[in-house]
Amino acid sequence: MNEFDLGKFEAEAQEQWTHAFESNPSDLEKFYLTVAYPYPSGAMHVGHGRTYIVPDVVARFWRMRGRQVLYPMAFHVTGAPVIGISKRIAKKDPKTVHLYRDLYKVPQNVLDEFTDPLTIVRHFASEYQRVMTACGISIDWRRKFTTVDPTYSKFIEWQWKHLYEAGHVIKGVHPVRYCTVDDNPVGDHDLLEGDKAEVIKFTLVMFRIGDACIPTATLRPETIHGVTNLWANPGVTYVRALVDGSAWIISKEAAEKIALQDHTVEIKEEIAGQDLIDKTVSHPLCGTVPILPADFVDPDMATGLVMSVPAHAPFDYIALRDLQHAGKYTQIKPLPLIKVEGYGEIPAQDAVERAGITHQMDSRMDALTQEIYSAEFSKGKLFDRFGGKPVRVARDDVAALMIEKYDSKIMYEFDTRPVICRCGNKVKVKILHDQWFLKYSDPVWKKQVSDLILDMALVPPEVRLEFDRTVDWLKDWACTRRVGLGTRFPWDTTQLIEPLSDSTIYMAYYTIAHKIREIDPKLLTPEVFDYIFLGKKSPDLPEKKKLDAMRKEFLYWYPYDFRFSAKDLISNHLTFQLFHHVTIFPKDKLPQGMVVFGMGLLNGAKMSSSKGNVFLLEDAVNDFGADTVRMFLMGSAEPWQDFDWRNELVISTKKQIERFYNTVLEVKDASGEPHDIDRWLISRLQSHIERTTAALTNFQTRQALQEAYFGIETDLKWYHRRLPENSDGSRELHALCSAWVRLLAPFIPFTGEHLWKELAGEGLVSFASWPVADKNLVNTRNELAEELLSRTVEDIESIRKLIQITPKSITISIAPEWKHEIFLLIAKSHDRNTVIKEIMKDDAMRKRGKEATDAAKQCTTLIHRLPPHVIEPLTREPINEMEIFEAAKGFLEKEFGVPVHVTAAESSEHAKAATALPFKPSIVIE
RNA sequence: GCGAGGGUAGCCAAGCCAGGUCAAAGGCGCUAGGUUGAGGGCCUAGUCUCGUAGGAGUUCUUGGGUUCGAAUCCCAUCCCUCGCACCA
């Protein structure tokens, strides 16, 4: 009837927990922890499991330590992904249908409803709640909300009002990846190809050709002085277009792109590329140059026409050289304009020849171009006749000059292509207007956040540097969107607040989420929130009583103590929330700490829904039991390390829980009289309690389990081995079990509750008091005695193994008193090298001569090898080894099955006896 | 490419910051013995190499360096993970 049945324990506990973790302000000290809420667009896998279980173990730990703990949860449903998913489901996209039907196990009738995006998130939100509950996560579900609740939107509007008033919300223009078919900006996840491509800002250099101009795009406007020609592709169709009223000749593709970048474009006529060849163009900074043919010119790259600087661009150099080898344009010479250390007069030529490159298609050409680009940028200087400035300065100067005087424009283009949208269309760069930003680049704002970080507890400490770097690196964040779910942007209601930007201070909202629901959203003006969160009084506040109650909750819970999240959010969410907090809240309400998690692997490979490499959390709970899943996830790695889910290891975790369960049931009712070994066991327990507590205080779940589970289990094994025959142990075991069950309860709460009842514990173990180490129960003498004994047993075993005779007896000889003296002197001394000399000054020692110096050397080695926790107490309080071995004689004889003699070394005739040292008696097996 | 973190025995992993307690904790796997006797059970021992006395030798990605002494400190190298934004 006491069978180990996790399913049964789970059912029992769930019944008692229904409202147990709902938490209200009280007289107790609070502990408020939050975790990044999920975006429920799919089923939970075991990786999600850890995200919520680690905080739960911490929550349960602090709850048992007498804190008023709040662990809330909500659902992030704002954003665009589910919109795409619903569309793909509607189109019956096979991949999506497979993922949801087969992997996430969504029933067909529910799947049919997934054409509505809100249905998707609602479905998975309830699934999340169900699975989290099944895992025993101690959440106060009364505070649950979703980010599209009207009440929450009011809260977001209030937050943004403050950000705006602080000057952090600004309007700007911004180049984005844009799909003209979808008529939308394209995010990384919407790209079929080209996710590495960056948007680069090119300067268009305008060359005159008759009444029109030819813009060429360049990153190196300063090289204008070295232009010898332009390149056009004879096989490409160009167009003559009116751009903002003036005539440009550019590729057809370029015309489309330019139109997206703040220019009016009207195509007038097509021009064959061939017709441009050998025409001349001019620019005030380089004079008149010809247009030459080149097949490498890509009409889809910028304007489709390129200026050629053969002295400094390897591609230009080779292309020109090839033409000249064919006997054409031989009058053109490269015009160098930059002096750079390490290269000859014409760097491009130098580099190409040095690398032995013979044709344009050589794969090393890109690297070579990059090399020269970097070298010239970092070390190059313009010739004196062009101003003599370093390239890095001249580049910006020339660009500015061109824009001001010579009609140059800016054009945005990708650095690598192709960039293809999920819909199959080529992505272009569009300049978005009415785009709003959060001005994270503001140095004052940054400083406030850096200062906050200094005061925060960060776990593990290594992430501090990463946070610092992130704050440095952060640029303005586009915070409005045109598609998706979410709160309307107050200053342009055609747009929505971007989903990461609506999730930065919601930890404060949890404190009032269950109460604010009772108020009509229409009444929730900014003044209401000002009162609740900032204590600002204003006339005519509605529902004053309710507001007071909420204010009380907020003041009690806030700030949060720790925020938990995976490490991939450091560079955005975790840092953003700090920015927002420093703006909205006063100093005493700012975040206190963060714990950053590692990622999850499944059988050694990255977990990925799209690759089907996931193991659903609910399946894991059903297959192995919630406690098993919990203990495995907490024990296989510390939270900040990556963990690897492997079923075969999970199985042995289940065995461990079962072993624990059986052991507790077996020994809890022992009633024998306590012996020395019981005092030893209880003494050891104190340090396990202490270490488990320290580990959990530092969020080291793995370390805590090592101590609380394996540490105690190992002790119990030794305890049973040392127990007198016919003894089942003493009544002390009940106390041990009580502490043991409580130490493990945060990890395996279901088994914990069941055993707690078996132990006749009061109430729920979830609220039982955490064990406290009692110094009075620490018995150093007993611990040392057992340490000595187990080390001696190990030695005997290894000798027996080696000599391969059938032993008839074992003789243990204890080192003489004078060796103990030496041992102590050395152990206590700070300088273990000179202490030998000191010892030998003693007359009695000197009489022993070599015997004494040898013993001193051996003691020194031994002291080095013994752990400090043995040496340190030995120096304080010597132990009587003879007594210990005499007392353990029966045990040793039982262990080895032969008579055991204990003698003093000086009274033994065995030569071996002379080798006896303190804490290392000599052993003779005969 | 840039920023952060990491590479330890068959596997997972502690140790490294504060060099000698390190042949290196613990778990898993495997092997042997015992117990129970058959269903993924429990206990004990072994699991780099050598060794008929508790020892010795060679190891902590690779290559150098500092030191009486390095898994631990420094430099370099190769490999892995995460982030690099309009996306949750």
Side-chain angles (χ1 to χ4, degrees), chain A residues 36 38-39 41 76 78-82 174 176-177 185-190 196 198 370 374 432 435 437-438 440 460-470 472-481 484 498-501 503 566-573 576 596 598-599 601 604 606 635-638 640-644 646 648-649 651-656 658-659 662-663 702-703 705-707 709-711 713-714 717 720-721 791-792 794-805 832-833 862-871 895 912 915 920-925:
Chain A
Y39 183 82
S41 64
H76 192 210
T78 40
V82 280
H174 189 55
V176 295
R177 288 189 296 230
V186 184
D188 262 350
H189 57 286
D190 281 325
K196 287 277 180 293
E198 277 185 65
Q370 187 59 40
S374 306
L432 277 191
Q435 177 62 56
F437 294 87
L438 281 165
Y440 291 142
E462 299 86 63
V463 298
R464 188 172 292 278
L465 190 57
E466 208 178 340
F467 272 105
D468 286 340
R469 300 277 173 161
T470 301
D472 280 349
W473 160 88
L474 222 49
K475 297 184 285 240
D476 294 346
W477 179 262
C479 61
T480 54
R481 293 288 173 278
E498 178 273 332
L500 283 185
S501 305
S503 300
K567 67 177 170 194
D568 53 347
L569 294 189
I570 290 178
S571 67
N572 47 57
H573 167 74
F576 290 2
V596 177
M599 313 300 283
L601 302 175
K606 202 168 141 183
S636 64
E638 296 295 7
W640 39 90
Q641 298 170 322
D642 295 348
F643 76 95
D644 191 3
R646 288 176 192 266
E648 65 272 20
L649 297 185
I651 289 166
S652 52
T653 303
K654 185 168 184 177
K655 278 190 249 172
Q656 286 159 357
E658 183 167 5
R659 220 153 60 211
N662 288 331
T663 307
R702 178 194 161 87
Q703 178 67 31
L705 267 177
Q706 292 275 342
E707 281 296 330
Y709 182 84
F710 297 107
E713 189 189 44
T714 305
K717 280 181 193 166
H720 280 294
R721 216 167 142 187
R791 281 171 182 272
T792 308
E794 270 174 40
D795 279 352
I796 294 173
E797 254 154 14
S798 68
I799 295 168
R800 196 179 58 163
K801 195 119 200 146
L802 222 49
I803 58 176
Q804 292 175 344
I805 59 166
R832 284 170 189 168
N833 295 318
L862 181 62
I863 286 165
H864 269 299
R865 293 198 173 177
L866 289 170
H869 75 256
V870 169
I871 298 295
E895 284 283 309
K912 279 260 164 239
T915 64
K920 197 170 181 63
S922 82
I923 296 160
V924 176
I925 301 178

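Numbered from 1 within each chain, the chains take letters A, B, ... in sequence-line order.
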Heavy-atom pair with the smallest gap, counting every atom of A/Asp476 and A/Tyr440 = OD1-N, 3.5 Å
What's the CD-C1' distance between A/Glu638 and B/G26, to the nearest Å?
-> 12 Å
Between C1' of B/G26 and CD of A/Gln656, the distance in whole Å | 10 Å
Just checking, any donor-acceptor pair under 3.5 angstrom between side chains of A/Thr480 and A/Gln435?
-> yes
Write down the atom of A/Ala637, the atom of A/Asp642, and the distance for their closest heavy-atom approach.
-> CB-O, 3.7 Å
Exam field: side chain A/Glu638 to backbone A/Gln641, donor-acceptor pair closer than 3.5 Å | no
What distance, rounded to whole Å, do you find between the two C1' atoms, one in B/C74 and one in B/G83?
-> 28 Å
A/Pro499, nearest nucleotide to its side chain (from B/C82, B/A88, B/C28) = B/A88
Shortest non-hydrogen contact between A/Glu498 and A/Leu500, atoms and distance = OE2-N, 2.9 Å
Between CG of A/Asp472 and C1' of B/A85 the distance, given in whole Å, is 16 Å
Can you check the A/Glu466 CD to B/G83 C1' distance for me, whole Å?
-> 7 Å
Figure out the CD/P separation between A/Glu648 and B/C30, and round it to whole Å.
-> 10 Å
How many Å lie between CD1 on A/Ile570 and P on B/C2, as a whole number?
-> 20 Å
A/Lys475 has its side chain closest, among B/A85, B/A13, B/C28, to B/A85
Taking every heavy atom of A/Tyr39 against every heavy atom of A/Pro81, the minimum-distance pair comes out as OH-CD, 3.4 Å
Among B/A25, B/G83, B/G5, the one nearest any side-chain atom of A/Glu462 is B/G5
A/Ser652 side chain to A/Leu649 backbone, donor-acceptor under 3.5 Å = yes
Scan nucleotides 48-59 of chain B nucleotide by nucleotide, 5' to 3', and note B when protein non-hydrogen atoms come under 4.0 Å of the base, S if they reach only the sugar-phosphate, - if neither.
-> ---BBBB-S---
Expressed in whole Å, how much space separates the P atoms belonging to B/C28 and B/G6?
-> 27 Å
To the nearest angstrom, how far is A/Phe710 atom CZ from B/C12 atom C1'?
-> 12 Å
Does OP1 or OP2 of B/C42 have a side-chain N or O of A/Arg659 closer than 4.0 Å?
-> yes
Using a cut-off of 4.0 Å on non-hydrogen atoms, how would the nucleic acid contact of A/Arg800 be classed: base, sugar-phosphate, or nothing?
-> nothing
Could you state the atom-to-atom distance from CG of A/Leu649 to P of B/G26 in whole Å?
-> 18 Å
